[in-house]
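Before any comments, here is the structure.
Chain identifiers are assigned alphabetically (A, B, ...) following the order of the sequence lines, protein sequences preceding nucleic acid strands; residue numbering begins at 1 within each chain. All values below were derived from every heavy atom in this structure, side-chain atoms included, with hydrogens, water molecules and symmetry-related copies excluded.
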Number of protein chains: 2
Amino acid sequence: MEKIPTIKEIAKRLKISASTVSRALHGHPSIGLVTTMRVKKVANELNYEPNQTAIFFKRRKTLTIGVILPDLSDAFFSSALSGIEEYASKKNYNVFVGQSMENADKEKRILETMKNHRVDGIIISISKNTTDYEVFKQLKRYNIPIVFFDRRPDMEDIHYSACNLQLGMLQAIDHLIQKGHRNIGFINGPSQLLASKERLDAYKEGLNKHQISINTDLMVSSDLSAEQNGYAMRKLLSLTQKPTAIITFNDYVARDAIKLVKTFNMVVNSDISFVSFANAPIWSFMDTAPLASIEQFPQKQGIKASEILFKLFDDSIEGMPLDPVFHQVVFDSSMVSHVA
Amino acid sequence: MEKIPTIKEIAKRLKISASTVSRALHGHPSIGLVTTMRVKKVANELNYEPNQTAIFFKRRKTLTIGVILPDLSDAFFSSALSGIEEYASKKNYNVFVGQSMENADKEKRILETMKNHRVDGIIISISKNTTDYEVFKQLKRYNIPIVFFDRRPDMEDIHYSACNLQLGMLQAIDHLIQKGHRNIGFINGPSQLLASKERLDAYKEGLNKHQISINTDLMVSSDLSAEQNGYAMRKLLSLTQKPTAIITFNDYVARDAIKLVKTFNMVVNSDISFVSFANAPIWSFMDTAPLASIEQFPQKQGIKASEILFKLFDDSIEGMPLDPVFHQVVFDSSMVSHVA
DNA sequence: CTGTTAGCGCATTCAT
DNA sequence: ATGAATGCGCTAACAG
């Protein structure tokens, strides 16, 4: 392995000072044209590349953002990451990824590593089990802005991008009711998730809007494991007043529920209809897709989170000390039909 | 924002030297127990955290690996990334991600950025359009090992982890023939992909094994766009000797082909059967899944690539200059049935 | 057992 | 228009 060329090496060859080389390389106006040219020529010959680790160290800027997600093999998060990476890459930023695997401790460790690596900012969708929000506040000390997306802590003073589920849910319920359904079941996620609360609220509101009274029997929940998904569905099917339509927390729940329904020899979208929240781009593959999905646009959410983060970067460059404005962008979910 | 504590600050408070603090923090044996304790105590009080950027700079080790993939929203790659991240995280390494978006130029830019960031190693699955392999060789100059996985350049002197498609393909063909099929079509990917060549070879071998002569009409290819997937399928359906079974390059091709077949009112897995190479965990969602998938285990491939990379790290720590051994791990694909 | 010194590569301030 | 000197935070060689 050859020696990696530095600014010094160039200086030595040209018998000029390192600072001149540095300035020349940056096109500093005070450096003579000839010198600049000569420097650039030698730099090229030597295949000089600035050592970013040195620059980061000096500049206290790493041109890196950290992204922490629960699980990269979940399409919802990987497409969000895809959006973030694309955005960051356009801004010449690099992306660190970490997966919490729904483990609050691991999440904390990742956050600390990223802090120590001095990432310029963090985008995170928190794990199901995150209850300690102190970690997030600590980042402020290091002046590392943090933007939450989709799954966020229940706090006021945070930046986030999220998707309001209400519109999609209302559209879904309107749609189902228009199709004649009155008994609309709901398989929700674990109650500690903000997302579950939001879905539940919207569900109730949707029914209220149509003067349908809330039937708690129709509302079941699952920790999102295949077992509990099936169990929840079984509970709904065992009702004397079986639901004719079911809204599920996400596509995976829908899949498991549909699977179960089939073993009962019921016909999906005829005996019983489904609408799910979209976590995966899977329905294009299916015969028995749900009637519709409530789309949450993970990629867009990721991009929006990136926009917020980079806006924070820009603001802080302008020297404003601490932005008291919290960027909280919420756009609407929307129902997408799969079956005519 | 408060001042971030440094080793100096601790030294000042304790009126000792910075190097003593550094050593104490690392549990250096030559430092007295009392001093060590006092240092750790103050470090704790100040919430001291080492500045990794300084450490990286000094150590010429970033504890970071770069992962470059064609597209993160493709489940095949995101699950590979998931495996890599998990492995790296166990080794206390961080992961940079970049997506080439099948663009060779972007890929090259990402490689250069990562090189400048002095990542300790790179894992990459190259883009469809990568033809210039010089970039990879350049990394050697910076002593940055590179491990390819799945999609690799056609070179001898590289490290890679891959999945041998042969076994899965042979199993698939055995299976189909046992089911009575003799006319087995094949929708392959673009010929510039090594993966296409491998599939084709295995396909031919499988047929040969059963003394079925190769019929070039049954072999079509697609650039993997939905349009060309449909076009390829149409070509097969227009044959006078229509295939009764079709093997597709991947799940997306299968999806498009199946979609088309349905519009022709043919019954999948009865009029015509499918086996595809698995790129997505989607078949659990389907009624009309292919008969089977030839699994390539992206997560395992990712983990294996990580193992190779970390093995290279270990080797280089032992001071061996340049390992002349190329780690090329190939494990077998395997057919997984979806339909009894 | 602990302190002093030097230096990683670069950008920058202050001279000239 | 250029050079010399300085320091970012940390580690390590050398000295006591």
Exercise for the section: Mark yes when over 12 heavy atoms from residues, nucleotides or ligands other than D157(A) sit less than 6.0 Å from its CG; otherwise mark no. Expected result: yes
Do [X] and [Y] have side chains that approach each other closer than 4.5 Å (heavy atoms only, starting at C-beta)?
X       : Y       : result
T6(A)   : N51(A)  : no
Y160(B) : V330(B) : yes
E107(A) : I124(A) : yes
Q99(B)  : E86(A)  : yes

Fill in the blank from the handout: The residue among V119(B), I123(B), I122(B) that forms side-chain contact (heavy atoms from CB on, under 4.5 Å) with I65(B) is I123(B)
Practice task
For Q299(B) and S73(A), test the side chains for any donor-to-acceptor distance below 3.5 angstrom and give the result as yes or no.
Solution key: no
Handout entry: First of R60(B) and K15(B) reached from the 5' end of DNA chain C, by closest nucleotide
Key = K15(B)
Handout entry: Residue mapping more 5' on DNA chain C - nearest nucleotide basis, A54(A) or T36(B)
Key = T36(B)
By the 4.0 Å heavy-atom rule, please label [X] as base, sugar-phosphate, or nothing.
X      : result
R23(B) : base
T53(A) : nothing
T6(A)  : sugar-phosphate

Practice task
For residues F96(B) and F96(A), establish whether the separation of their ring centroids is below 6.0 Å.
Solution key: yes
Problem - Check: F56(A) ring centre within less than 6.0 Å of F56(B) ring centre - result: no
Problem - Contact interval (first through last nucleotide) of DNA chain C with protein chain B, 4.0 Å heavy-atom - result: dC1(C) to dG9(C)
Completion exercise
Outermost contacting nts on DNA chain D, any atom under 4.0 Å from chain B heavy atoms, listed 5' then 3', are dC8(D) to dA13(D)
Practice task
Scan residues 39-51 of chain B against DNA chain C and write down, sorted by residue number, each residue with any heavy atom closer than 4.0 Å; if none is found, say none.
Solution key: none
Exercise for the section: Using the six-membered ring of F57(B), assess whether NZ or CZ of K58(A) lies under 6.0 Å from its centre and within 45 degrees of the ring axis. Expected result: no
Handout entry: Cationic N near anionic O, under 4.0 Å, E102(B) to R151(B)
Key = yes
